[in-house]
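Have a look at the structure below before the remarks.
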Amino acid sequence: MSDHPFTKTFPVSWWELHRDSRALAWRLMERGPFQGVVAITRGGLVPAAVVARELEIRTIDTICIASYDDKKQGELTVLKGVPGDGEGWVVVDDLVDTGKTYRKVREMLPKAHFATVYAKPAGRPLVDSYVTEVSQDTWILFPWDAEMQEVAPIARR
Ligand SMILES: O=P(O)(O)OC[C@H]1O[C@H](OP(=O)(O)OP(=O)(O)O)[C@H](O)[C@@H]1O
Ligand SMILES: Nc1nc2[nH]cnc2c(=O)[nH]1
Ligand SMILES: [Mg+2]
């Protein structure tokens with residue numbers, strides 16, 4: 001029995017991540033304007049950069065959180081927070097899975113707008129804006145965690 005509940009993988013290329021992060025920016029246009037972007041590190045950094053460029057926001061901060069060790073989520077540690085209650089700010093992350101991370105960040109920034117590019121059903125209630133939902137048992141494979149590699153022809157597998 002594997003030590004995690006993921007039975008399928010959803011690989012995302014850099015091009016697709018850029019396209020989907022832009023789609024998130026389109027949705028955020030209707031919910032703004034925002035005075036700044038808070039990226040949840042590390043997965044939120046790239047989507048936040050795309051959203052900030054599209055919304056022409058230059059005030060960007062980070063909340064640094066550690067929780068997953070590979071595919072298993074341990075205790076959640078806030079390594080660095082931000083001041084204020086989040087009023088007028090949009091929080092950006094790559095995905096919401098169980099919702100544990102955004103539950104914690106909502107305690108810190110109760111008035112912020114919460115956005116992710118991808119969402120799983122369990123975490124969806126924690127997000128105000130997102131682009132694509134995947135099933136709970138899907139592992140989203142981001143381009144920074146992957147590489148192109150040779151594979152054998154189907155006839156030879
Ligand atoms: O909704 P949850 O179950 O809390 O999972 C979502 C969080 O998990 C991943 O981050 P991770 O903790 O793996 O750190 P990383 O972004 O630095 O890779 C992802 O980037 C989200 O931040
Ligand atoms: N890369 C990645 N990190 C996660 N952290 C929690 N769920 C996921 C996921 O589906 N993919
Ligand atoms: Mg993360």
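All ligand and atom numbering here is 1-based and tracks the order in the structure. These numbers were taken from a predicted model, which means no experiment stands behind them. In what follows, residues are counted from 1 in the order of the sequence shown.
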Taking 4.0 angstrom as the limit, do Lys80 and Asp61 come out as a salt bridge?
-> yes
Task: Under 3.5 Å donor-acceptor, Tyr130 side chain and Phe114 backbone - done: no
For atom 7 (N) of ligand 2, the closest protein heavy atom turns out to be Asp97 OD2, 2.7 Å
The answer for which part of Leu141 has a heavy atom under 4.0 Å from ligand 2 is neither
Near Asp93 (heavy-atom distance under 4.0 Å), the atoms of ligand 1 are 20 (O), 21 (C), 22 (O)
Under 4.0 Å from one or more heavy atoms of Thr98, ligand 1 contributes atoms 1 (O), 2 (P), 3 (O), 4 (O)
Quick note on ligand 2: atoms under 4.0 Å from a heavy atom of Thr138 include exactly 10 (O)
Taking only non-hydrogen atoms of Val96 and a 4.0 Å limit, the atoms of ligand 1 in range are 1 (O)
Closest heavy-atom pair, Ser129 versus Arg31, reported as atoms and distance to 0.1 Å, is OG-NH1, 3.9 Å
Ligand 2 to Phe142, heavy atom cutoff 4.0 Å, flagged ligand atoms 1 (N)
Scanning both residues in full, the closest heavy-atom pair of Arg124 with Val96 reads N-CG1, 4.3 Å
Looking only at protein heavy atoms, what sits closest to atom 8 (C) of ligand 2 is Trp139 CZ3, 3.4 Å
Got a donor-acceptor contact below 3.5 angstrom from the Arg22 side chain to the Glu54 backbone?
no
- prompt: Do any N or O atoms from the side chain of Asp93 and from the backbone of Gly44 form a donor-acceptor pair under 3.5 angstrom?
  reply: yes
Hey, is the main chain of Leu126 close enough, under 3.5 Å, to the side chain of Arg103 for a donor-acceptor pair?
-> no
Atom 16 (O) of ligand 1: of Gly43, Ala119, Ser67, the nearest heavy atom sits on Gly43
Ligand 1 atoms nearer than 4.0 angstrom to some heavy atom of Thr41 are 16 (O), 17 (O)
Looking only at distances, please establish whether an N/O atom of ligand 2 is found under 3.5 Å from an N/O atom of Ile140. yes
A student checking ligand 1 against Asp94 at a 4.0 Å heavy-atom cut-off should list atoms 19 (C), 20 (O), 21 (C)
ask   = Hey, what's the ring geometry for Trp139 with Phe6, parallel, tilted or perpendicular (30° and 60° as the breaks)?
value = perpendicular
_With respect to Gly99, determine whether any N or O atom, backbone or side chain, lies less than 3.5 Å from an N or O atom of ligand 1._
yes
Fill in: Parallel, tilted or perpendicular: ring planes of Tyr118 versus Phe10, cut at 30 and 60 degrees
perpendicular
At under 4.0 Å between heavy atoms, what of Phe10 touches ligand 2? The answer is neither
